[in-house]
Amino acid sequence: MKLVVVSAGLSVPSSTRLLADRLAKATAARVPAEVEVVELRDLAVEIAHNFTNGFPGRALAAAIEAVTEADGLIVVTPVFSASYSGLFKSFFDVLEQGVLAGKPVLIAATGGSARHSLVLEHALRPLFAYLRAVVVPTGVYAASEDWGAEGLAERIERAAGELAGLMTGLSAAGPARDAQPATAVEASADGSAVAPAEGPVRRPRETVAQSASAGRGARTDGFQVVPFEQQLAALRTR
């Protein structure tokens, strides 16, 4: 299997790349996959040229091929102006329509303040839903104060588990087998089992009548079953 990580961090070192690496490590620990990292910072010029001439450069073409062939994606962007970065959006704009359809994607973002955490829900998730990707339920946002604090590691592990589950589930998916309905087994007069005929088992009419007559006055589930005519006769004698 192949896991591709798309990181839109700009600085070196980058908290965006750090979060991407931690998510990739947690996912690879759950599913055997080859991990490839696409660093968008190195592709900025080729992405711009692709918009003007319509042809990707060699490095950009390799990145597009990696994303297209991936069994799962981890995408991480810094927050710029309360949304994903322009470089991040531009990369997914140059992809052909339908490339991400049905592909499992884990979304993540980094920012300087926890106030931007909703970028996952109002920007990233709608983007990949439009691209028809399968976005894992848990997105991971890391503010500056989250590094080394309690909670980030748990979110990373939970999101990685969800992505690994989708990757293995989609890879192993096959035609569902229809459950065979249980069949009743009839008994012959001597007590030996008889293979049932197709369709519902029908009881003879006389057997049903005998059961009804035998059940008069019998107890069922702890209650006394009294026929209506007996109840009416008891009222008349009073």
Side-chain angles (χ1 to χ4, degrees), residues 3-24 27 35-70 72-147 152 155-156 159 163:
L3 174 64
V4 175
V5 182
V6 178
S7 172
L10 299 179
S11 60
V12 180
S14 168
S15 61
T16 301
R17 176 62 187 271
L18 176 60
L19 179 58
D21 289 343
R22 291 186 60 177
L23 289 167
T27 305
V35 180
E36 181 176 347
V37 179
V38 175
E39 205 50 271
L40 297 186
R41 179 184 62 247
D42 301 330
L43 302 174
V45 175
E46 291 192 18
I47 291 174
H49 287 170
N50 189 88
F51 279 113
T52 57
N53 59 30
F55 297 96
R58 181 175 301 177
L60 179 58
I64 294 174
E65 181 180 2
V67 170
T68 302
E69 297 178 352
L73 284 178
I74 297 174
V75 297
V76 191
T77 178
V79 176
F80 288 172
S81 300
S83 187
Y84 38 66
S85 70
L87 179 60
F88 181 86
K89 179 62 163 57
S90 296
F91 174 73
F92 290 101
D93 282 342
V94 301
L95 297 181
E96 293 184 4
Q97 188 72 23
V99 166
L100 299 185
K103 197 178 298 294
V105 176
L106 192 165
I107 56 174
T110 58
S113 169
R115 293 193 300 271
H116 293 302
S117 60
L118 287 178
V119 69
L120 297 172
E121 304 303 326
H122 71 66
L124 284 170
R125 195 176 297 276
L127 170 63
F128 288 95
Y130 173 78
L131 297 175
R132 294 189 292 158
V134 181
V135 185
V136 303
T138 301
V140 181
Y141 178 82
S144 299
E145 62 267 24
D146 288 329
W147 298 103
L152 179 59
R155 296 198 302 274
I156 289 175
L163 178 60

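The structure displayed is predicted, hence computed values, not measured ones.
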| field | Euclidean distance, Thr27 OG1 relative to Ile74 CD1, rounded to 0.5 Å | value | 4.0 Å
| query | Restricting to pairs with a member in residues 104-124, which pass side-chain hydrogen bond (donor to acceptor under 3.5 Å, both in side chains), not counting sequence neighbours? | reply | Thr16-Thr110, Glu121-Arg125
| task | For Thr68, check side-chain contact (heavy atoms from CB on, under 4.5 Å) against everything at least two apart and list the hits. | result | Ile64, Val99
| message | Tell me every residue that passes side-chain contact (heavy atoms from CB on, under 4.5 Å) with Glu65, counting only those two or more places apart in sequence or in another chain. | response | Glu69
| task | Let me know which of Val6, Leu60, Val76 forms a side chain to side chain contact (heavy atoms under 4.5 Å, CB included) with Leu40. | result | Val6
| query | Can you name the nearest heavy-atom pair linking Val35 to Ala24, along with the distance? | reply | CG1-CB, 4.1 Å
| field | Heavy-atom closest contact (Ala109 atom, Val79 atom, distance) | value | CB-CG2, 4.2 Å
| query | Is any side-chain heavy atom of Leu43 closer than 4.5 Å to a side-chain heavy atom of Val38? | reply | yes
| note | Heavy-atom nearest pair, Pro78 first then Ala8, reads CD-O, 3.4 Å
| task | Could you check if a side-chain atom of Val67 sits within less than 4.5 angstrom of a side-chain atom of Phe91, using non-hydrogen atoms only? | result | yes
| CD1 on Ile156 to CG on Leu19, rounded to 0.5 Å | 5.5 Å
| note | Between the CZ atom in Phe88 and the CD1 atom in Ile47, the distance rounded to the nearest 0.5 Å is 11.0 Å
| task | State which residues pass salt bridge (charged side-chain N to carboxylate O under 4.0 Å, His left out) with Arg22; sequence neighbours excluded, sorted by chain then number. | result | none
| request: Report the distance from atom CG of Leu163 to atom CG of Leu23, rounding to the nearest 0.5 Å. | output: 9.0 Å
| field | Taking every non-hydrogen atom, the tightest pair across Trp147 and Ala142 | value | CZ2-CB, 3.9 Å
| field | Where Ser7 and Ala20 come nearest, the two heavy atoms and their spacing | value | CB-CB, 4.4 Å
| task | Report yes if some heavy atom in the side chain of Leu100 is under 4.5 Å from a heavy atom in the side chain of Leu73; otherwise report no. | result | yes
| request: Scan residues 4-18 for pairs that pass salt bridge (charged side-chain N to carboxylate O under 4.0 Å, His left out), counting only residues two or more places apart or in two chains. | output: Arg17-Asp21, Arg17-Glu39
| request: Scan for salt bridge (charged side-chain N to carboxylate O under 4.0 Å, His left out) pairs involving residues 130-143, sequence neighbours excluded, and state none if there are none. | output: none
| message | Working to the nearest 0.5 angstrom, can you tell me the gap between Ile107 CD1 and Thr138 OG1? | response | 9.5 Å
Only pairs under 3.5 Å count here: list side-chain donor-acceptor contacts from residues 49-56, not counting sequence neighbours, and write none if there are none.
residue, atom, partner, partner atom, Å
Thr52, OG1, His49, O, 2.9
Asn53, OD1, Phe55, N, 2.8
Asn53, ND2, His49, O, 3.3

| Below 4.5 Å, heavy atoms only, C-beta onward: do Leu152 and Val140 meet side chain to side chain? | yes
| Minimal non-hydrogen separation, Leu124 against Ala108, with atom names | CD1-O, 3.7 Å
| field | Contacts of Asp93 that satisfy salt bridge (charged side-chain N to carboxylate O under 4.0 Å, His left out) - sequence neighbours left out | value | Lys89
| task | Only pairs at least two apart or in different chains count here, so list each ring pair (Phe, Tyr, Trp, His ring centres under 6.0 Å) that has a residue in residues 126-145. | result | Phe92-Phe128
| message | Per the salt bridge (charged side-chain N to carboxylate O under 4.0 Å, His left out) rule, what does the pair list look like for residues 44-55, sequence neighbours excluded? | response | none
